[in-house]
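Nothing fancy with the numbering, it's 1 onward along the sequence.
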Amino acid sequence: MNYTEIMIRYGELSTKGKNRRSFIDRLHGNVAKVLQNFPQLRIHPKRDRMHINLNGADAQDVMKRLQVVFGIQNYSPSIRIAKDLEEIKKTALQMVQEQYQEGKTFKISTKRADHDFIYDTNQINLAVGDYVSDHLPEIKAEMRHPDIKIQIEIRFDGAYLSSQTYQGAGGLPVGTAGKAGLMLSGGIDSPVAGYLAMKRGVEVEMIHFYSPPYTSEHALQKAQDLTVKLAKYAGHIQFIQVPFTEIQETIKQQVPEGYLMTVQRRFMLRLTDLITKKRGGLAIFNGESVGQVASQTLESMAAINDVTNTPIIRPVATMDKTEIIKIAEEIDTFDLSIKPFEDCCTIFAPTRPKTKPTIAKAREYESQLDVDGLIEHALSGIKVMNITPFDHFLEQENQEIESLL
């Protein structure tokens, strides 16, 4: 079929009452971002659904982009024709014929926004259904669970027919739940946490700690490419890299081994908190899962959280590793996450970290450090970049190396 538009149905937006308009406007903006490479499209957000006029663009290419836009319940490619019953019959038959296989059933369902149209919904359903049955005598009608459903909408500007519905990403449009900082490592868990945050409408900014020369450029590029993977859900994401070498070296020299990890994470959280607040964020997200490693026991979380009152949200906190990996595979971050480039969370890792650190001890060891000076120096060296779904970092590096060989 030569489709002329895609009709988008909203998900949870139907429950938003007086805020519905702002949610629809945000969804409109997010859809426009992911479809920016299709300048011929015209997007028309309405109260009950959104219409994308294709103007010659390929429907399949456009729908691939829509799959990752949060806030969409489902969508259907449609074709607009004249409000002529004979033309409606012929188009509906063509749609059925394209999908029909022996034993399949069908149904015609009509909605009529233009009540001045000469035929009512029942008349249209009967006329079109009879026409299909006359030309395909072997097909059976089924009202409850048809294999093929032809949906007809009679609008003021024409008749719209669709026959296939695709599931969207669900959730809420990114940005409708405010902004937050995400502590992004190079591992499996934090990208999944970012994905789940965005699905609930949160605009996330990635905060990544790097420690050259202990961590390589590849480790940084890996984190950037993980952000690329997630950027397709938001159109773009701000990536903030924070130098952490001086802090880690200082902690390594002056803090007992058992508390290295705890004090290090307290510094990370302080920095994340300051950066997030400065950039208008309301919360901090991370990929911690209760009990997964020593720093993620409840005692460790309490000792680390001591440095901030900002809400810390852990979307994967109660998931086991197999559940997290399943989501990582679905969103295409798993293979990248397991690439063996060491991040700063693993360097200087103690052989026997405290699994039940106390807040009092953590404060005591920190009191011997120039906390404010170390924090200020790290903040002065942060770099911010905008990352889109079309960027590449590790791949680009590999191509540059190959060109020199």
Side-chain angles (χ1 to χ4, degrees), residues 1-11 13-14 24 31 41-64 66-67 72-170:
M1 297 299 298
N2 185 24
Y3 294 110
T4 58
E5 81 154 46
I6 295 172
M7 181 170 58
I8 295 174
R9 301 173 187 87
Y10 307 136
L13 306 196
S14 60
I24 293 172
V31 168
L41 301 180
R42 295 295 177 267
I43 305 172
H44 303 284
K46 304 292 179 65
R47 177 172 177 78
D48 57 341
R49 61 193 62 182
M50 184 180 295
H51 303 281
I52 301 177
N53 293 334
L54 293 171
N55 293 321
D58 183 87
Q60 295 299 323
D61 290 341
V62 173
M63 289 191 293
K64 285 179 183 177
L66 293 176
Q67 289 175 352
I72 295 178
Q73 181 181 28
N74 58 52
Y75 50 90
S76 301
S78 307
I79 182 169
R80 186 182 74 170
I81 57 176
K83 288 187 289 186
D84 176 83
L85 187 57
E86 292 304 312
E87 191 170 350
I88 292 172
K89 290 178 183 178
K90 292 176 183 178
T91 304
L93 175 61
Q94 186 180 354
M95 284 184 165
V96 173
Q97 288 173 328
E98 285 188 351
Q99 301 175 61
Y100 179 69
Q101 294 176 353
E102 185 178 352
K104 281 193 172 184
T105 58
F106 84 106
K107 176 183 178 180
I108 306 297
S109 178
T110 303
K111 292 182 179 180
R112 192 174 59 142
D114 181 3
H115 293 285
D116 292 330
F117 187 59
I118 188 171
Y119 303 102
D120 64 25
T121 56
N122 289 330
Q123 290 172 320
I124 297 170
N125 289 339
L126 288 170
V128 176
D130 288 345
Y131 187 84
V132 171
S133 295
D134 289 343
H135 287 78
L136 285 173
E138 65 275 21
I139 197 169
K140 303 295 183 183
E142 167 60 50
M143 296 299 103
R144 290 189 176 182
H145 304 290
D147 300 306
I148 303 169
K149 183 177 180 180
I150 305 299
Q151 296 175 295
I152 302 169
E153 290 195 21
I154 306 298
R155 302 186 211 158
F156 294 98
D157 62 341
Y160 289 78
L161 280 75
S162 61
S163 62
Q164 294 176 308
T165 297
Y166 300 90
Q167 289 303 307

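For the pair V132/I150, no side-chain contact is recorded, criterion being any heavy-atom separation below 4.5 Å from C-beta on. In this structure the side chain of E142 never reaches within 4.5 angstrom of the side chain of D147, judged on heavy atoms. Contact annotation: the side chain of D157 never approaches that of D114 to less than 4.5 Å [non-hydrogen atoms, C-beta and beyond].
Within the structure, no pair that satisfies the ring-ring contact (aromatic ring centres under 6.0 Å, His included) test touches residues 88-114, not counting sequence neighbours. Residue pairs satisfying the ring-ring contact (aromatic ring centres under 6.0 Å, His included) criterion with at least one member in residues 139-161, sequence neighbours excluded, are absent.
Checking side-chain atoms of D120 against main-chain N and O of N122 turns up a donor-acceptor pair under 3.5 Å. Distance alone, capped at 3.5 Å, places no donor-acceptor pair between the K83 side chain and the F117 backbone. Judged by distance alone, with hydrogens and angles left aside, the side-chain atoms of S76 form a donor-acceptor pair with the main-chain N or O of Q164 at under 3.5 Å. In this structure, K111 contributes its side chain and E153 its backbone to no donor-acceptor pair below 3.5 Å.
None of Q151, E98, Q99 except one satisfies the side chain to side chain donor-acceptor pair (under 3.5 Å) rule with S163; the exception is Q99. The salt bridge (Lys or Arg N to Asp or Glu O under 4.0 Å) test with E5 is passed by exactly one of R49, R155, R80: R155.
Using a cut-off of 4.0 Å between Lys/Arg side-chain N and Asp/Glu carboxylate O, E87 and K90 are scored as not salt-bridged.
What you find for V128 and A92 is that their closest heavy atoms are CG1-CB, 3.5 Å. Minimum interatomic distance between A59 and I6 (heavy atoms only, all atoms of both residues): O-CD1, 3.9 Å. Across T91 and M1, no two heavy atoms sit closer than the pair CG2-CE, 4.0 Å.
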For side-chain contact (heavy atoms from CB on, under 4.5 Å), just list the numbers for T121 and I152, CA-CA rounded to whole Å, side-chain angles, deciding distance to a tenth of an Å, and then say yes or no.
-> CA-CA 9 Å; T121 56; I152 302 169; over 6 Å; no
Determine, stepwise, if the pair T4 / L54 fulfils side-chain contact (heavy atoms from CB on, under 4.5 Å).
-> CA-CA 5 Å; T4 58; L54 293 171; 5.8 Å; no
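Rounding to the nearest 0.5 angstrom, the gap separating the CG atom in D130 from the CG atom in N125 is 10.5 Å.
Not counting sequence neighbours, K149 has no partner by the salt bridge (Lys or Arg N to Asp or Glu O under 4.0 Å) test.
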